Each structure stands twice: as structure tokens, then as C-alpha cells.
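Keep in mind that what you see is a predicted model, and the values were worked out from it rather than measured. Letters go in sequence order (proteins before strands), and every chain restarts at 1.
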2 protein chains.
Amino acid sequence: MPYTRDNLTEVLRRHDINPTHQRIEIAYALFSRGEHLSADQILAIVNDRHSETSKATVYNTLNLFLEKKLVREVIVDPSKVFYDPNPSPHHHFYNVDTGELADIDAAGIEVHGLPALPDGMVTEGVDIIVRVRAG
Amino acid sequence: MPYTRDNLTEVLRRHDINPTHQRIEIAYALFSRGEHLSADQILAIVNDRHSETSKATVYNTLNLFLEKKLVREVIVDPSKVFYDPNPSPHHHFYNVDTGELADIDAAGIEVHGLPALPDGMVTEGVDIIVRVRAG
DNA sequence: ACCAGGATCTGGACTTAGTCTAATCGTGAC
DNA sequence: GTCACGATTAGACTAAGTCCAGATCCTGGT
């Protein structure tokens, strides 16, 4: 089912996010493309035709989405954070030459041999990044 | 064997790096501590007693070390890069609350189920980051 | 000892991702 | 209408990292 502004409104509500116009537009930019985008790219997309949303709102909104677990952040490029709309567990290929990111479905991937956590610690998540390049 | 400025000079040479005074000091700061440090922290350490090395040189040198594979960069904190002097293959625990990094020896860790690489691509490396927090 | 040329280092200006702030806007409750 | 409160805004600000043009430090040749 394709993402529409209407069904995204519902998604926002289910994540406890008040669906304002700007928030819907930002969610739409991210989810309709299904790609990894930086805050800058989202700002550009949202303001493509005419200026609609400020930089501050884009950052505020992305951090809100993050906090509400609507999107994930992918930190591989030292210069900027990418936001990832894929809700299912997955890892990433990262092309170190071009900066391209591609998903790796986590189903079927197993990691063995990780040591026990220090006392009183809990795992938030395990991220696997496979750095690749042409060769 | 502890790291000294003398044996680090040799290490630099083996990595095809002309061992200048500044480069030795930067290598010493990183290797004698054996910790993950940011460029800022290294700058502070090197200039602790009296100003010896400029910001530009610290960044240039760390990028040179990176290129020559003397150190690795660890990208987990969106606001700064950490430099890692541990030469043996390993992964990382990352405490999302405190920002602390800890090594996980790669010996004994196996990852199964990774899909084949796209045509003509080569793996540079596989990084596993286990995000943990107190709980 | 002197010089030339290349490599290295430097301060400071610059760029840019991201944050902060104080003012304004919108909307629902009364 | 108006009050309150959450959301949005422009623009100033911060800080990591880069860039540049001049200074300085080798090193090898004479």
C-alpha cells in the first residue's frame, strides 16, 4: 500500500505525534521515497515549490520522530546523519566512495559470539554496517 | 611492550609516514592511552603543557594516519568522530547515555546470512556496534 | 657552511550541520 | 472573543572540520 498524506496522518497518531501540516509533509517526504535522507535533503524536498517549513522545524520534527521511534538514524557519514524510514529490523551496506546506503534485511542474519553485557546494561540495538567499495 | 616515542617512530616509518615531531606526539597521545579519542581531545592532550601543535595539523595528521591505516575512525556519535588506535580487528559497545566506547574483540564473533555483494563490489570491512544503556 | 626545493606546519578565515531563543501563529476550551 | 498552550519561525549562535597562503623545517648537493 503506497503512503499517502492521509494514511501517514494515522501513522503519526499511532506514534503519539500530533499530526500537523509540517509533520505530515516531512513524514511524506521520507516515507513516500523510502530512502535514507539527510535533514538537508528533507528541508529541500519539503520546500521545493514554495517555502513551507523552516530549518528548525525540520530538525525538531526529525528528532521527535526519532524519539517516538517512527524513524531511525543512521550514522555512517561523519559529516551528516541520515534518517531511515524503514520500520523493519535491518542493517546497512555503505558505499564508502559514493556515500550510498542500502538496506540489508535482518531476517536470516545471526551474530554469534558477542560477549555478555557489563552488569546492569541493556542492549538498545545491534547495528551492522558493511562498508563496500567498487573494486 | 609499552609504547614509547621511539618505538612509535618505527611504527610510523613502517606505515610510510614521515615521523615528524608533531606526528610522533599525536601518535603517542593516542597509542599510549589506548583509548578512543576525538580530534579535540587529542589537540588538548598534545598542547597540555605549552602550545605545540595547531588544530590544522592535528586534523591533517589524523587523516593521514587513517589513510595509511594506522588508526581507524569510529562513527557513532553524530557530533564527532573518534579515532581508534587498536590495530586488531574488533567491534564496539557504545553507551548511548554516556557516549562511552568499549572494544569487543572480533575473534570468536561470526556473522551468518549476509547477502552477496552487488556485482563488482568489495568489502572494506564489517562494523558491528552494540548500543547499550543502563537499565 | 650555504643554498634550493619540497614537505610540513601554522593561524586564522571559512563552511556547514545542528541548536537555541524569543517572538509569533493556530486552535480548541470556555 | 479571549485565554492558554503547543507548534512554527527567522535568525543568531556553536562547534567540528576544512582551506589557504605564508612561514618554517628538513635534506641533499655543492
Side-chain angles (χ1 to χ4, degrees), chain A residues 5 8-9 12-13 15-30 36-47 50-68 70-84 96 99 101, chain B residues 5 8-9 12-13 15-30 36-47 50-68 70-84 96 99 101:
Chain A
R5 286 171 176 79
L8 279 172
T9 303
L12 292 185
R13 283 220 183 79
H15 282 81
D16 241 336
I17 298 167
N18 193 3
T20 66
H21 177 61
Q22 285 87 340
R23 287 169 181 176
I24 293 168
E25 284 308 309
I26 290 168
Y28 186 70
L30 206 41
H36 306 85
L37 299 174
S38 66
D40 251 35
Q41 291 174 305
I42 292 169
L43 182 61
I45 291 168
V46 167
N47 290 334
H50 40 287
S51 189
E52 296 203 18
T53 305
S54 72
K55 187 170 69 153
T57 297
V58 169
Y59 279 99
N60 286 343
T61 300
L62 288 171
N63 284 329
L64 178 66
F65 285 3
L66 212 51
E67 195 185 309
K68 299 297 190 182
L70 180 57
V71 302
R72 287 166 48 183
E73 60 183 347
V74 183
I75 305 171
V76 279
D77 179 327
S79 77
K80 62 183 65 164
V81 172
F82 286 97
Y83 294 89
D84 182 346
V96 296
L101 272 173
Chain B
R5 287 170 176 80
L8 279 172
T9 302
L12 293 184
R13 284 220 182 80
H15 282 81
D16 240 337
I17 298 168
N18 194 5
T20 66
H21 178 62
Q22 286 87 342
R23 287 169 181 174
I24 293 167
E25 284 307 311
I26 290 168
Y28 185 71
L30 206 41
H36 306 85
L37 299 174
S38 66
D40 251 35
Q41 291 174 304
I42 292 170
L43 182 62
I45 291 168
V46 167
N47 290 334
H50 40 287
S51 187
E52 296 205 18
T53 306
S54 71
K55 187 170 71 152
T57 298
V58 169
Y59 280 99
N60 286 343
T61 300
L62 288 171
N63 284 328
L64 178 65
F65 285 2
L66 212 52
E67 196 186 308
K68 299 296 190 181
L70 180 57
V71 301
R72 287 165 49 181
E73 58 183 348
V74 183
I75 305 170
V76 279
D77 179 327
S79 76
K80 63 181 67 165
V81 171
F82 286 97
Y83 294 88
D84 182 346
V96 295
L101 272 173

Open item on the list: Using the side chain to side chain contact (heavy atoms under 4.5 Å, CB included) definition, which of the options A/I26, A/L66, A/D84 pairs with A/V71?
Closed with: A/L66

Open item on the list: Can you give me the first and the last nucleotide of DNA chain D (5' to 3') that has an atom within less than 4.0 angstrom of a non-hydrogen atom in chain A?
Closed with: D/dA7 to D/dA10

Task: For B/L43, side chain to side chain contact (heavy atoms under 4.5 Å, CB included) partners two or more places apart - done: B/N47, B/K55, B/V58

TODO: Quick one: list whatever passes side chain to side chain contact (heavy atoms under 4.5 Å, CB included) with A/S79, sequence neighbours left out.
DONE: A/D77

TODO: Tell me, with the steps shown, if B/L37 and B/I45 meet side chain to side chain contact (heavy atoms under 4.5 Å, CB included).
DONE: CA-CA 10 Å; B/L37 299 174; B/I45 291 168; 3.8 Å; yes

TODO: Considering non-hydrogen atoms only, spot the tightest contact between B/L8 and B/Y28 and give its length.
DONE: CD1-CA, 3.4 Å

TODO: Output yes when a side-chain donor or acceptor of A/R5 lies under 3.5 Å from a complementary backbone atom of A/I24, and no otherwise.
DONE: no

- [ ] Identify the two heavy atoms, one from B/F65 and one from B/I17, that lie closest to each other, and give their separation to 0.1 Å.
- [x] CD1-CD1, 3.8 Å

- [ ] Would you jot down, in residue-number order, the residues of residues 15-28 of chain A having a non-hydrogen atom under 4.0 Å from DNA chain D?
- [x] A/N18, A/T20, A/Q22, A/R23

TODO: Starting from C1' on C/dA17, measure out to CG on A/L66 and report it in whole angstrom.
DONE: 16 Å

Open item on the list: So if I define the base as every atom that isn't primed, P, OP1 or OP2, how would nucleotides 18-27 of chain C read as a B/S/- string at a heavy-atom cutoff under 4.0 Å?
Closed with: BBB-------

Task: Contact summary for A/H15 and A/K68, nearest pair of heavy atoms - done: CD2-O, 3.3 Å

TODO: Output all residues satisfying side chain to side chain contact (heavy atoms under 4.5 Å, CB included) with A/V81, sequence neighbours left out; order by chain, then residue number.
DONE: A/E73, A/Y83, B/P78

- [ ] Any chance you could measure A/T57, atom OG1, to A/L62, atom CG, to the nearest 0.5 Å?
- [x] 10.5 Å

